[in-house]
Structure formats: C-alpha cells, structure tokens
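Have a look at the structure below, then the notes.
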Amino acid sequence: MAETGASPLPPTPPARSPLARAEHFVWLTARVLEQRLFAYDFRGGDAGPVETALDAYRNEDGGYGHGLEPDLRGPVSQPLHTARALRVLDAVGRCGGQRVERMCRYLTSVSTPDGALPAVRPGRHGYPVAPFVPVMDDPPGELLATGPVVGLLHRNEVWHAWLFRATDFCWRTVESLRTSHPYEVQAAVTFLDSAPDLPRAEAAADRLGRLVRAQRLAVLDPEDRDAYPVAPGYAPGEHHFPHDYARTTHSLARAWFTDAEMARSLDFLAAEQEEDGGWPVRRRRWAEAPALEARPGVTLDALRTLRTYGRPIA
C-alpha cells in the first residue's frame, strides 16, 4: 500500500505494437529503399518513391549492383542483385514495362548455355563479398539464382525469349532434386508457386515437400531446434521453419505442414522480434554493414508473413 502523501506512481505506458516497434527500427536503421517499402506496405505510401529508390542500384547494362543484395558489395551487376530488384518491383506491382525488358536482356547476357543464372558472375573479383558466396571463374547455372527470377517473371506475366530456356532449366532441376538445402528449396518454391503448368507444379511441390520433411530441412518444433541439422556451410543455428518456405497462405509449400506446425512456426516468428523492433538475420555475420543493411529487409519479410497469416501486428 502506498504511504499517505506519497507521489502517485507514473502511469504505465501502453505497450507498443509489433508494427510500431518495427517502424521505429526501420526509420532508425534502414536504407531509403526499405524505408520506402515500409511506407508502401504499411502506411499507404505510393509505389513511385520505391521505384525511385531502386533506381540508385541500377546499372547501364540493365542489371543491378551497388550492394542491393547486402552480402555482395561493389557496383557490378549480378544476378542476385537483379533478383532482389525484381522482388521489390513485384512487391509494389511495377514488375513490367521497359525496365523489366532491360533486366531480361541483362539476364540473357549473363546466363549459361542452358539458360540458367549463376549466383555470382566472375566480375565479382576485387570487391568485398561474403565468404559463404562462391566466386568462380566459370560459374555454373543454379536453381538458387534462377528459380526466383523465373517465378517472379511468370507471376507478372512477363514474356521474353530467355524465359523458355530458363523455365526448362528450373523444371529439370526441381524435378531431379534428390538432396537439397533450405535456400535452394526456397528458390524452388518461388518458381513452383508461379510456374505456368499448375498440375505439374503441384506434383513437383508435393515431392519436394516430402524431401524437406525426410531430410529435416524445416524445424517443426521450435522448442527443440537443436534436434534439427544445420545445412553444411550454414552458420550455427541457421535453421529454417515452415513460414520460411510457405511465405503466404496460398503457397504450394503450405500443404507441407499441418496447422499445428504452422502455428508453432508463426508463434516463433512473432517472438523473434528483438528489443530494438527489428528481426534478426540468421545468416553468418561477416561484416558490420551487410548485417545492418540486411535486418530491415528481414523485418519487412517477417511483418508481411505475419500479416498474410492473419497474425496481429498493428
């Protein structure tokens, strides 16, 4: 009981919502691009400023560079940067027109003979790059780089001659997977979710989901994460969860997990928000700037995923 005459206790401040905390984090730490994306996604902002911010990363060859993908530094255009640019344009409904036509010409110029994209082109030499990103003189095409690009172009009904070979590569690779790792599976899901042949995509996704469960590539019980293996080359504790594969409720990967498994995964995602309002990056930390630049993007992804599953964020 308070003593007579004592000053009253100050009122307890209202709890700040996950969205308000994340907004503070974004305005405190994010690049202009992620600030504009946050405003578009959650504050009714326009798409135009997002495109303007993205232009700062565009090169004359139609590709993108300048650290758009934080783990690749330097000005050189790279497929992974260009894939990130497509994700941004897709997020604001601007994935089309002459800008994307120029991007497709760039992708054609850097693809392998079978139409696939390498993760990193040799021009990477001389610029800082994450140690877990392979830099080769003659890099092979990879599903990791090709699947997301092809999936997003199909999703936006973009047609280009390069897409025919690239789509064939994705089908062959996805349907022949016998082992995999989480980032490759994510790339496959992005392709399958928008592939032009839905029955074929559903069959391939069903087989891929069985592989994910058989190889324990998704943590189904976040309370027992140590019981799940970490893929070779990944950072300690760099696990993936059901929500990392099924980013939306209509993703083909949603069928891989029970309602209870997805609920636990989303509970874990919501609880991962840190004291500063942002979500953590699970990848290996190799330099200060890439880690700082990556977190706002990860935070936006977390908010979008929670929102699309109907979890309260506001």
Side-chain angles (χ1 to χ4, degrees), residues 69-71 80 83 119-120 129-136 139-148 151 170 172-193 203-248 251-274 279-287 290-291 294-295 297-299 301-302 305-306 309:
E69 180 62 49
D71 285 326
L80 290 180
V120 181
V129 59
F132 48 81
V133 176
V135 180
M136 309 178 196
E142 297 185 33
L143 181 63
L144 180 69
T146 313
C170 290
R172 288 195 310 272
T173 307
V174 169
E175 292 175 335
S176 65
L177 286 175
R178 297 294 178 267
T179 61
S180 190
H181 59 93
Y183 291 122
E184 185 176 55
V185 172
Q186 287 180 313
V189 169
T190 304
F191 166 69
L192 293 172
D193 277 346
D206 180 70
R207 195 184 69 81
L208 185 60
R210 294 175 188 276
L211 182 152
V212 166
R213 295 185 75 96
Q215 297 184 8
R216 298 168 61 81
L217 300 181
V219 173
L220 303 179
D221 182 3
E223 296 297 320
D224 193 22
R225 295 191 294 279
D226 291 342
Y228 293 83
V230 173
Y234 283 35
E238 190 176 358
H239 293 104
H240 284 67
F241 301 81
H243 67 262
D244 289 312
Y245 301 112
R247 290 283 187 183
T248 65
S251 171
L252 293 175
R254 177 62 186 87
W256 300 352
F257 309 107
T258 68
D259 290 346
E261 289 166 349
M262 185 58 70
R264 287 195 296 269
S265 181
L266 293 169
D267 288 344
F268 175 78
L269 176 63
E272 268 201 308
Q273 188 175 23
E274 298 187 336
W279 267 260
V281 176
R282 299 193 203 113
R283 296 192 302 275
R284 191 181 304 276
R285 187 187 185 99
W286 64 280
R295 280 192 71 206
V298 171
T299 297
D301 286 341
T305 299
L306 292 169
Y309 277 96

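The figures here come from the full heavy-atom set of this structure, side chains too, leaving out hydrogens, waters and symmetry mates.
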What verdict does the side chain to side chain contact (heavy atoms under 4.5 Å, CB included) test give for Asp301 and Arg247, after you've listed the backbone C-alpha separation in whole Å, the side-chain angles of each residue and the deciding distance to 0.1 Å?
CA-CA 9 Å; Asp301 286 341; Arg247 290 283 187 183; 4.0 Å; yes
Counting only N and O atoms by type, is there a donor-acceptor contact under 3.5 Å from the side chain of Arg284 to the main-chain atoms of Pro131?
no
Could you tell me the separation between the CG atom of Leu211 and the OG1 atom of Thr179, rounded to the nearest 0.5 Å?
7.5 Å
Spatial distance of atom OH (Tyr183) from atom CG (Leu143) [nearest 0.5 Å]
15.5 Å
Could you check Glu238 against Phe132 for side chain to side chain contact (heavy atoms under 4.5 Å, CB included), going step by step and ending with a plain yes or no?
CA-CA 13 Å; Glu238 190 176 358; Phe132 48 81; over 6 Å; no
Roughly how far apart are His240 NE2 and Leu217 CG, rounded to 0.5 Å?
9.5 Å
What's the spacing between Arg285 CZ and Asp71 CG if we round to 0.5 Å?
11.5 Å
Any idea which heavy atoms bring Val174 and Phe191 closest together, and the distance?
CG2-CD2, 4.2 Å
Is it true that atom CG of Asp224 has more than 12 heavy atoms of other residues, nucleotides or ligands lying nearer than 6.0 Å?
yes
Rounded at 0.5 Å granularity, tell me how far CZ in Arg225 sits from CG in Leu220.
13.5 Å
Which atom pair, heavy atoms only, marks the closest approach of Pro182 to Ala231?
CD-CB, 3.9 Å
Tell me whether Asp244 contacts the main-chain N or O of Phe241 through its side chain, where contact means a donor paired with an acceptor under 3.5 Å.
yes
So, does Gln273 use its side chain to make a donor-acceptor pair with the main chain of Thr299 at under 3.5 Å?
no
Checking Ser265 side chain against His243 main chain: does a donor-acceptor pair fall under 3.5 Å?
yes
Say whether, by atom type as modelled, one donor and one acceptor occur between the side chain of Arg216 and the main chain of Val219 under 3.5 angstrom.
no
Exceeds 12 heavy-atom contacts within 6.0 angstrom, atom CZ of Arg213
yes
Between Ala235 and Val230, which heavy-atom pair has the shortest distance, and what is it?
O-CG1, 3.4 Å
Angle between ring planes, Tyr245 versus Trp256, binned at 30° and 60°: parallel, tilted or perpendicular?
tilted
I need the Thr248 OG1 to Asp193 CG distance, nearest 0.5 Å.
6.0 Å
All heavy atoms of Val298 vs all of Pro280, minimum pair found to be CG1-O, 3.4 Å
Using modelled atom types and a 3.5 Å cut-off, is there a donor and acceptor pairing between side-chain atoms of His239 and backbone atoms of Tyr228?
yes
Ignoring hydrogens, what is the shortest heavy-atom contact between Leu306 and Leu266? Give both atom names and the distance.
CD2-O, 3.9 Å
If we only count heavy atoms from C-beta on, is the Val120 to Val129 side-chain gap below 4.5 Å?
no
Which pair of non-hydrogen atoms, one from Ala291 and one from Val281, has the smallest distance, and what is that distance?
O-CG2, 4.3 Å
Just by distance, do the side chain of Arg207 and the backbone of Leu177 share a donor-acceptor pair under 3.5 Å?
yes
Strictly distance-based, threshold 3.5 Å: is any side-chain N or O of Trp279 a donor or acceptor partner for the main-chain N or O of Leu269?
yes
